[in-house]
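Structure first, then comments.
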Amino acid sequence: MHATEGTTGVGAGGRAGRAAGARRRVGPYTLITALDDSRTRIPVPERRYVARSTDGRHTVLLSLPHQGSDPQRFLAEADASRYLLGPGSAPATALAAPGEPAWYARPYLPVLPLPTALAVHGGPLPERTVRALGVALAETLAILHGQGLAFAGVSPAAVLLAAYGPQLSCFGAVRAAAPDGMPRSGLPGLEPGSLPPEQASGGRPRPLGDVYALGATLAYAVTGHTAPERDELPAAFRSVISRCLARDPGARPPLAELIDALADGDSSGSTTLLGPGWLPGRVIAALAHQSAAVLTAEIPVEAVPVQLPPPTSHSN
């Protein structure tokens with residue numbers, strides 16, 4: 001039985017309440033619906049679903065590797081993500097047991113992948129939204145780089161928008177796609193415009209590659225694609241995004257400088273930018289619709305055996 005791959009995800013108004021008999025089980029979870037909207041045609045590094053535990057108590061975002069990819073590399077990156085710090089990271093909280101097909105999960109909150117948000121909004125996002133997005137993601141990357149890590153997977157589909165701010169998912173997608181030294185261009189799930197050139201040729205992912213990928217992701221947010229001509233970029237973002245997209249890693253700006261430029265000198269960083277109104281109304285409405293659809297999804301719930309206390313003996 002196949003999962004609901006290729007269908008419209010709940011984030012774009014897809015129906016979460018399908019017939020219970022058509023649902024697929026993955027580990028201890030039952031799939032409710034695909035997260036990603038296939039109509040956006042943006043590569044997604046992993047197959048992502050909203051799922052619920054078989055006892056009905058836990059709803060999660062569940063990820064599977066692409067068919068034909070190495071499940072062990074996928075699980076290794078998912079396992080490493082459990083140690084990520086920062087409010088914008090999306091670490092795994094549960095992984096497949098040894099011998100199981102590969103999967104990992106983290107708690108569900110209503111989120112829209114960035115490509116779905118653009119589709120819902122009807123085009124590129126407003127300047128305030130993009131500034132908030134860029135600052136919050138750069139702050140998250142700065143924390144990860146401080147841990148000695150390169151995210152190696154920033155792309156439009158890896159960015160999930162929640163009401164409180166963005167999350168970075170798909171940690172290590174570049175490393176999971178192919179080992180260092182092997183070309184990565186054209187591999188499933190990797191969006192070519194946000195793949196740093198040094199990583200596309202097989203180079204080891206490093207922090208400045210994350211800066212390139214962040215620049216491409218912000219370019220997507222303001223133009224609808226990751227490799228725009230300089231003149232296509234709005235004037236407010238032209239200089240900073242163009243510097244991020246420098247082919248020479250040494251010419252890319254440090255994250256602190258990027259944060260300052262996107263925050264327009266506001267020392268509070270993302271705290272102020274992520275306040276009420278940071279997301280467009282249609283995106284907020286889509287998040288609310290997704291939440292309602294997931295809550296009302298009809299899935300079978302396995303009964304949990306009730307443990308009765310042992311009988312007690314009474315003396316006369």
Subject >> ring pair (Phe, Tyr, Trp, His ring centres under 6.0 Å): pairs with one or both residues in residues 155-207, sequence neighbours excluded >> reply: F151-F171
Subject >> Backbone N/O of L112 and side chain of T116: donor-acceptor pair under 3.5 Å >> reply: no
Original post:
Are any of the side-chain heavy atoms of P183 and S201 separated by less than 4.5 Å?
Top reply: no
Original post:
Under 3.5 Å, is there a donor-acceptor pair between the side chain of S69 and the main chain of P65?
Top reply: no
**OP:** Kindly determine whether R206 and E198 satisfy salt bridge (charged side-chain N to carboxylate O under 4.0 Å, His left out), including the steps that lead there.
**Re:** CA-CA 9 Å; R206 298 183 184 278; E198 66 272 20; over 6 Å; no
Original post:
Do Y104 and E77 have side-chain atoms, one donor and one acceptor, less than 3.5 Å apart?
Top reply: no
Original post:
When clusters are formed by joining ILVMFWY residues with side-chain heavy atoms under 4.5 Å apart, either directly or through shared neighbours, do L161 and Y220 land in the same one?
Top reply: yes
Subject >> Side-chain donor-acceptor contact under 3.5 Å, E232 with T223 >> reply: no
Original post:
If you measure from CZ on R57 to CG on D55, what distance do you get to the nearest 0.5 Å?
Top reply: 5.0 Å
**OP:** Using the side chain to side chain contact (heavy atoms under 4.5 Å, CB included) rule, take H145 and D210 through it: C-alpha gap first, then chi angles, then the decisive distance, then the call.
**Re:** CA-CA 9 Å; H145 294 172; D210 289 343; 2.8 Å; yes
Original post:
Between S291 and A288, is there a donor-acceptor pair closer than 3.5 Å when you use the side chain of the first and the backbone of the second?
Top reply: no
Subject >> Gap separating the CG atom of L133 from the OG1 atom of T217, nearest 0.5 angstrom >> reply: 8.0 Å
Original post:
Do you see a donor-acceptor pair shorter than 3.5 Å between the side chains of T59 and R52?
Top reply: yes
Original post:
Can you find a pair of side-chain heavy atoms, one from P115 and one from P156, that are under 4.5 Å apart?
Top reply: yes
Original post:
Just wondering, do V50 and V60 contact through their side chains at under 4.5 Å, heavy atoms?
Top reply: no
**OP:** Determine whether C244 and L258 make a side-chain contact, defined as any pair of heavy atoms from C-beta on separated by less than 4.5 Å.
**Re:** yes
**OP:** Could you pull out the closest heavy-atom pair between S169 and R106, with the gap in Å?
**Re:** CB-NH2, 3.5 Å
Original post:
What do you reckon, are the aromatic ring centroids of W103 and Y29 less than 6.0 Å apart?
Top reply: yes
Subject >> hydrophobic_cluster_shared for I284 and L274, side chain cutoff 4.5 Å >> reply: yes
Original post:
Quick one: do the R48 and S63 side chains pair a donor with an acceptor below 3.5 Å?
Top reply: no
**OP:** Start with the C-alpha gap between L233 and S242, add the side-chain angles, then the distance that decides, and say whether side chain to side chain contact (heavy atoms under 4.5 Å, CB included) holds.
**Re:** CA-CA 9 Å; L233 295 167; S242 296; 3.8 Å; yes
Original post:
How far does CG of L168 sit from CG of L160, to the nearest 0.5 angstrom?
Top reply: 8.5 Å
Subject >> Shortest non-hydrogen contact from I259 toward A138 >> reply: CG1-CB, 3.5 Å
Subject >> Donor-acceptor under 3.5 Å (D36 side chain, S38 main chain) >> reply: no
**OP:** Indicate yes or no for a side-chain donor-acceptor contact from Q290 to the backbone of V111 under 3.5 Å, with no hydrogens or angles considered.
**Re:** yes
Original post:
Shortest non-hydrogen contact from G269 to V135?
Top reply: C-CG1, 3.7 Å
Original post:
Is the backbone of Y83 close enough, under 3.5 Å, to the side chain of Q147 for a donor and an acceptor to pair up by distance?
Top reply: yes
Original post:
CZ of R204: more than 12 outside heavy atoms within 6.0 angstrom?
Top reply: no
Original post:
When clusters are formed by joining ILVMFWY residues with side-chain heavy atoms under 4.5 Å apart, either directly or through shared neighbours, do L149 and V159 land in the same one?
Top reply: yes
**OP:** Kindly indicate whether the side chain of L85, heavy atoms from C-beta on, has any atom under 4.5 Å from the side chain of L144.
**Re:** no
Original post:
What heavy-atom pair brings S81 and P91 nearest, and what distance separates the two atoms?
Top reply: O-CB, 2.9 Å
Original post:
What do the steps show when you test L262 against F237 for side chain to side chain contact (heavy atoms under 4.5 Å, CB included), and what is the final call?
Top reply: CA-CA 8 Å; L262 291 171; F237 298 104; 4.0 Å; yes
Subject >> Validation row: Y49, L64 side chains within 4.5 angstrom (heavy atoms) >> reply: yes
Original post:
With a 3.5 Å cut-off and no angle check, do the side chains of E191 and T226 form a donor-acceptor pair?
Top reply: yes
Original post:
What is the distance from atom CG of D79 to atom CG of L75, rounded to the nearest 0.5 Å?
Top reply: 8.0 Å
Subject >> Pair L35-L62, side chain to side chain contact (heavy atoms under 4.5 Å, CB included): steps then yes or no >> reply: CA-CA 9 Å; L35 176 68; L62 187 140; over 6 Å; no
Original post:
Checking R73 side chain against A177 main chain: does a donor-acceptor pair fall under 3.5 Å?
Top reply: yes
**OP:** Name all pairs fulfilling the ring pair (Phe, Tyr, Trp, His ring centres under 6.0 Å) condition that reach into residues 238-287, sequence neighbours left out, sorted by first residue then second.
**Re:** none
**OP:** Taking all heavy atoms of R131 and all of L273, pick out the closest pair and write down the distance.
**Re:** O-CD1, 3.9 Å
Subject >> Side chain R252, main chain A246, donor-acceptor under 3.5 Å >> reply: yes
Original post:
Is L195 reachable from L218 through a run of hydrophobic residues whose side-chain heavy atoms are each under 4.5 Å from the next?
Top reply: no
Subject >> S185 OG to L190 CG distance, which is reported to the nearest 0.5 Å >> reply: 9.0 Å
Original post:
From T272 OG1 over to R128 CZ, what is the distance, rounded to the nearest 0.5 angstrom?
Top reply: 9.0 Å
**OP:** Compare every heavy atom of S270 with every heavy atom of E139, then report the nearest pair and how far apart it is.
**Re:** OE1-OG, 2.6 Å
**OP:** Report yes or no: does T54 contribute a side-chain atom to a donor-acceptor pair with the main-chain N or O of T30 at less than 3.5 Å?
**Re:** no
Subject >> V283-I42 co-clustered via ILVMFWY side chain contacts under 4.5 Å >> reply: yes
Subject >> Side-chain (R184) to main-chain (Q199) donor-acceptor, under 3.5 angstrom >> reply: yes
